[in-house]
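This chain uses plain numbering: 1 for the first residue, then up along the sequence.
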Amino acid sequence: MRILIAPDKFKGSLGAREVAENIAEGLRSVLTGAEIVILPMADGGEGTAAAICEAANGCWHKGEVHDAYGRLVTARFATVEGDRTAVLEASEAIGLCRIPAEKRDPMRASSFGAGELLLHAVRSGARKVIMGLGGSATNDCGFGLARALGFRFLDENEIELRGPVSDLLKLARIYRPALRDWPEMIAAVDVQNPLLGAGGATQVFGSQKGASPKELEVLERALTRLADVVVAETGIDQREVAGAGAAGGLGFGLLSFVSATLRPGFEIVSDYGGLEDAVRWADIVITGEGRLDAQTLAGKAPAGVAILARKHGKRCYAIVGSATPDSLALFDRVVQLAVPPITIDQAIKDAAPLLQSRATALAVSWLGPPAQPAA
């Protein structure tokens with residue numbers, strides 16, 4: 001039996017490789033002769049750089065940047081393909097993971113540090129840069145990132161805007177520096193939201209980042225003003241591009257300020273990892289993530305793995321922390337860690353042993369009931 005294990009991370013608990021290794025250990029306790037291949041996955045959020053770096057045998061670099069609230073932190077990025085390509089994650093600098101839930105404030109959170117991390121990658125000599133956009137604490141449409149790159153945002157009196165996102169309501173003109181010898185930019189997105197409106201960055205994700213209903217209104221107006229000025233100055237309107245709303249509008253910012261191409265992060269990671277070939281090889285595919293829900297079906301890694309498995313006629317199982325009923329259809333079976341009496345908090349704390357035990361039980365189910373003795 002040949003088994004491919006290709007999960008995403010369990011956010012707040014285990015990385016994708018740790019998840020896969022624990023599943024493999026549980027399977028091996030029963031399926032002693034199975035051939036098992038581990039392929040950690042990601043979709044543009046946290047873990048994207050690690051998955052690509054591992055798959056492409058890359059190396060890591062570190063640099064000092066500012067987090068979403070201006071505190072100096074150390075962030076890392078990877079280089080692959082003989083250092084010709086740099087891979088980084090916006091969340092390394094400006095991630096929600098760096099901000100306690102009770103202190104989140106997207107009105108003052110800035111993407112400036114993501115711009116600093118991008119500059120570190122460019123200065124490494126890379127000719128292509130892949131930036132994963134998932135997990136950001138910001139909702140500033142790349143206002144901060146662009147300032148880190150030398151862009152200046154001016155009001156009608158030519159006074160530079162350097163403050164909170166609400167300053168964009170006064171935006172009249174954008175000064176664009178000459179970005180000489182700039183590498184090819186690819187933004188890896190894990191959502192398909194446009195910039196504005198009911199399905200946009202602010203309305204869908206702003207409250208998760210700490211915005212009140214009144215602040216959501218201000219943020220929407222601020223992003224609208226920035227987009228209006230960009231369109232007026234360039235003649236190009238990219239507000240409706242799928243993924244423009246990723247990372248609080250950072251997708252739109254990268255499109256507008258550095259001519260990035262937006263691609264689904266899952267596609268990029270699976271290309272580097274050779275996922276489709278691995279699915280062809282396997283008899284059974286196992287994926288998973290911390291929470292399986294409706295968003296999973298809109299471009300997250302487990303859905304992509306399951307779609308490839310279906311394409312090649314392979315059974316696909318998901319082992320997850322928890323799941324909602326609307327997320328089950330793509331999989332032959334979904335196994336959850338957080339099943340009463342086990343709470344979600346307990347599942348996060350004890351993810352490793354629970355993954356092993358759930359994988360063992362899944363393997364036993366494949367073997368069928370024991371043979372009955374002859375009468």
**Item:** Same apolar cluster: Leu4 and Phe266, side chain cutoff 4.5 Å
**Value:** yes

**Message:** If hydrophobic clusters are built from ILVMFWY residues whose side chains come within less than 4.5 Å, do Val30 and Leu355 share one?
**Reply:** yes

**Prompt:** Looking at residues at least two apart in the chain, or sitting in another chain, which of them share a salt bridge (Lys or Arg N to Asp or Glu O under 4.0 Å) with Glu21?
**Reply:** Arg17

**Prompt:** Using 4.0 Å as the upper bound for N to carboxylate O, is an ion pair formed by Arg263 and Asp271?
**Reply:** yes

**Request:** Give a yes or no on whether Leu328 atom CG has more than 12 heavy-atom contacts from other residues, nucleotides or ligands under 6.0 Å away.
**Result:** yes

**Item:** Pairing residues for Asp350 by the salt bridge (Lys or Arg N to Asp or Glu O under 4.0 Å) criterion, not counting sequence neighbours
**Value:** none

**Item:** Expected output: side-chain Glu289 to main-chain Val320 donor-acceptor under 3.5 Å
**Value:** no

**Prompt:** Looking only at atom types and distance, does a side-chain atom of Thr234 sit under 3.5 Å from a main-chain N or O of Ile236, one as donor and one as acceptor?
**Reply:** yes

**Over all atoms of both residues, closest heavy-atom pair of Ala6 and Thr287** = O-OG1, 2.8 Å

**Asked** Any donor-acceptor pair under 3.5 Å linking the side chain of Arg2 with the backbone of Ala34?
**Response** no

**Request:** Determine whether Trp182 and Leu262 fall in the same hydrophobic cluster, where Ile, Leu, Val, Met, Phe, Trp and Tyr are linked whenever their side-chain heavy atoms lie under 4.5 Å apart.
**Result:** yes

**Complete:** Quick note, ring-ring contact (aromatic ring centres under 6.0 Å, His included) partners involving residues 70-97, not counting sequence neighbours, are His61-Phe77

**Item:** Those residues that, when tested against Ser256, pass side-chain contact (heavy atoms from CB on, under 4.5 Å) (two or more places apart)
**Value:** Val230, Gln238, Phe252

**Request:** Sequence neighbours left out, what pairs pass ring-ring contact (aromatic ring centres under 6.0 Å, His included) with at least one residue falling in residues 306-360?
**Result:** Tyr317-Trp366

**Request:** Report yes or no: does Thr224 contribute a side-chain atom to a donor-acceptor pair with the main-chain N or O of Glu220 at less than 3.5 Å?
**Result:** yes

**Request:** Can you sort out the partners of Glu158 under side-chain contact (heavy atoms from CB on, under 4.5 Å), two or more places apart, ordered by chain and number?
**Result:** Leu154, Arg173

**Request:** Using the test ring pair (Phe, Tyr, Trp, His ring centres under 6.0 Å), find all partners of Phe143 that sit at least two apart in sequence or belong to another chain.
**Result:** Phe153

**With Glu276 via salt bridge (Lys or Arg N to Asp or Glu O under 4.0 Å) - residues at least two apart** = Arg280, Lys311

**Request:** Output yes when a side-chain donor or acceptor of Ser13 lies under 3.5 Å from a complementary backbone atom of Phe10, and no otherwise.
**Result:** no

**Message:** Suppose we screen for salt bridge (Lys or Arg N to Asp or Glu O under 4.0 Å). Which residues come up paired with Arg152, at least two apart in sequence or across chains?
**Reply:** Glu160

**Exam field: side chain Glu215 to backbone Met107, donor-acceptor pair closer than 3.5 Å** = no

**Asked** Below 4.0 angstrom, N of the basic side chain to O of the carboxylate: do Asp181 and Arg127 qualify?
**Response** yes

**Prompt:** Phe205 and Val241: same hydrophobic cluster, using ILVMFWY side-chain contacts below 4.5 Å?
**Reply:** no

**Item:** side-chain contact (heavy atoms from CB on, under 4.5 Å) partners of Arg291, counting only residues at least two apart
**Value:** Asp293, Ser322, Thr324

**Prompt:** With sequence neighbours excluded, what pairs up with Lys9 under the side-chain hydrogen bond (donor to acceptor under 3.5 Å, both in side chains) test?
**Reply:** none

**Atom of Ser136, atom of Leu96 and distance for their closest heavy-atom approach** = O-CG, 3.5 Å

**Message:** According to side-chain contact (heavy atoms from CB on, under 4.5 Å), who are the partners of Glu25, at least two apart in sequence or on a separate chain?
**Reply:** Gln356

**Prompt:** So, are Asp228 and Arg239 salt-bridged, with charged N and O less than 4.0 Å apart?
**Reply:** yes

**Message:** When you group the ILVMFWY residues by side-chain heavy-atom contacts below 4.5 Å and let the links chain together, are Ile38 and Leu308 in the same group?
**Reply:** no

**Residue pair Val87 / Ala49: nearest heavy atoms and the distance that separates them** = CG1-CA, 3.7 Å

**More than 12 heavy atoms of other groups within 6.0 Å of Arg71 CZ** = yes

**Item:** Lys300 vs Asp190, salt bridge (Lys or Arg N to Asp or Glu O under 4.0 Å): CA-CA, chis, key distance, verdict
**Value:** CA-CA 6 Å; Lys300 301 290 186 177; Asp190 61 349; 3.0 Å; yes

**salt bridge (Lys or Arg N to Asp or Glu O under 4.0 Å) between Asp332 and Arg310, worked out** = CA-CA 10 Å; Asp332 289 277; Arg310 279 194 171 187; over 6 Å; no

